[in-house]
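Here the structure comes first, spelled out in structure tokens, and everything after it is commentary.
Every chain is numbered from 1 and lettered A, B, ... according to where its sequence line falls, protein lines coming before strand lines. Atoms considered below: every heavy atom in the structure, side chains included; atoms not considered: hydrogens, waters and symmetry mates.
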Amino acid sequence: MIIKEGLKYSKEHEWVRVEDGEAYVGITDYAQNALGDVVFVELPEIGAGLNAGDSLGVVESVKAASDVYTPVAGTVIKVNQELTENPGKINESPYEAWIAVIKLSDPSQLDELMDEKEYKEFCSKEG
Amino acid sequence: MEDRVLIFEKSKPGRIAYSLPACDVPQKELDQLVPAEYLRDGTPDLPEVSEVDAVRHFVGLSRLNYGVDTGFYPLGSCTMKYNPKVNEDAASLKGFTSVHPYQPEDTVQGCLEIIYRLGEMLSEITGMEKFSMQPAAGAHGELTGLMIIKAYHKSKGDLKRRKILVPDSSHGTNPASASLAGFEVQHVKSDADGNVDMDALKAAAGDDVAGLMLTNPNTLGLFEKNIGEIASAIHDAGGLLYYDGANMNAILGISRPGDMGFDIVHLNLHKTFGTPHGGGGPGSGPIGVTRELVPFLPLPVVEFKDGKYCLDYDRPLSIGRIKSFYGNFLVLVKAYTYILSMGPEGLKKAAETAVINANYVMEKLKEYYVLPYQRTCMHEFVISAQKQKEEHGVTALDVAKRLMDYGFHPPTVYFPLIAKEALMIEPTETESKETLDKFIDAMINIAKEAASNPEIVKKSPHNTPIGRLDEIKAAREPVLRWERDK
């Protein structure tokens, strides 16, 4: 399982990468492996205001459809249209396949998320 | 192997399956009879085949069917029990098949009596006050139940209850129905025993909760031991308890949702009461309610007044109509026949045997597959192909596909979502020990093959008319319509 350095991780297996107050959010390698082959991704609307824990979209695999939750609050400023055409990218390179970019309204929320070391430990407990 | 081509591909121009006698009335051109705007530009591209080819085509397809009448079908959560043929006999009686829903009530007293009496029986079985036979299937029953929950709170002027709680092990239809009914869905996690986590439930049960939807036994095939406490927590918070009847087969004649504290129940007649599923159906999802909720039942309700059965539409608090006419009536006749032919003792025995059968298979398989929840199961159980996946790369899907080579319908896979590589197995009460043993042997063989020859499992099925399909490509790039080569 790949866990990338420098990212923030949530207990729901989302990753966050921050660039200039803007957060790229996607799902982790652990999550894509548990889901299996992703066949459909529902993206959020640009301009949507989200609280931490709100649904950022839906990732559907051959096994199940799962909500993706944003671990950070803010406004959706970009969505990854490429995933509509090529949902399998989430399986191939989960840390490049960001789902949406969120303009952070409360950057302090990032401190509540795990770093790669903490996330690794969290995953090992999940089994 | 027979040729697997569409009937369109068998078509030859000019080949026909009928011959009409010469026309003995004056002929007119089509455009003289139908305005041009309604006429299509060309003739439709329909297959042109002879009668024998048409018959062979469809008989050939029918021989590919797999059903309860052809073999063992342990599809968890679906209760694929054998459907006794006497049910079909009763439903074919002319008095039931030759009536029209618009006939005067006086002329269909027998039909109304069946609806009324079936309602009474289901009320007794579930501990509810009254039933409506209107919902066409389980999920429709869920939606109807949720509409009743909404109407109930509204009638009390309580408009702040926006949330429906569902456990994370719930059937996917529960959150879907709640969303459709306009509620917000909040998931409640399960504890290490596979039951609703009581702390999480109590934390969630606030004055914004309209109700909880619960399946008991739950989708792991485990009885919710704390059901009394769960019911109190929800009722104390002012919410209602909805019973998803998908797993009622486990408790028939033994315990009753009404006694557990549930306020609304739906039953799947096509699961628990021996009527056919799917294409052999249709389904039927009657809902029963407590005395307090009777005024909200959908219209019409069959009543017995002055020695006659009648359809009561005068119910001001009712949520209104939810289906045309009176539910899937002939299915009701089949379920009524089933209950009468089983009798109270027979129904209880069915539940007991369903539970014993499931435990027998579980005990035999737990040495070969991971059993995530080490408890006595009810009518179904969940085992995991986690070990096979980690050690040999053989997934639950591969095991399911390989079962087809052994002549069995696969169990439900990857559900409930809280168990990894889940295989959910429900043998039902109608299977003999010999059948169960054959299935057990097949499952054990597959576990051995996963270690000795994983490729044979991963590439299965091998003995079916069509081999492994590319389900991922089918989902990502669906081709929904066949087109003739231009």
- Give the minimum heavy-atom separation between B:Ile472 and A:Val39, together with the two atoms involved. O-CG1, 4.0 Å

- Task: Please name the pair of heavy atoms, one in A:Gly88 and one in B:Arg476, separated by the smallest distance, quoted to 0.1 Å.
- Result: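 The answer is CA-NH2, 3.3 Å.
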
Is the number of heavy atoms from other residues, nucleotides or ligands under 6.0 Å of [X] [atom1] greater than 12?
{"X": "A:Glu121", "atom1": "CD", "value": "no"}
{"X": "B:Lys189", "atom1": "NZ", "value": "no"}
{"X": "A:Glu19", "atom1": "CD", "value": "yes"}

- Query: By a 4.5 Å heavy-atom criterion (distance strictly below it), what part of A:Asp67 contacts chain B: side chain, backbone, both, or neither?
  - Reply: neither

- Query: So what's closer than 4.5 Å to chain A heavy atoms on B:Glu477: side chain, backbone, both or neither?
  - Reply: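 For B:Glu477, neither part sits under 4.5 Å from chain A.
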
- Message: Evaluate B:Glu471 against A:Lys63 for salt bridge (charged side-chain N to carboxylate O under 4.0 Å, His left out), listing each step before the verdict.
- Response: CA-CA 11 Å; B:Glu471 293 175 16; A:Lys63 293 183 201 169; over 6 Å; no

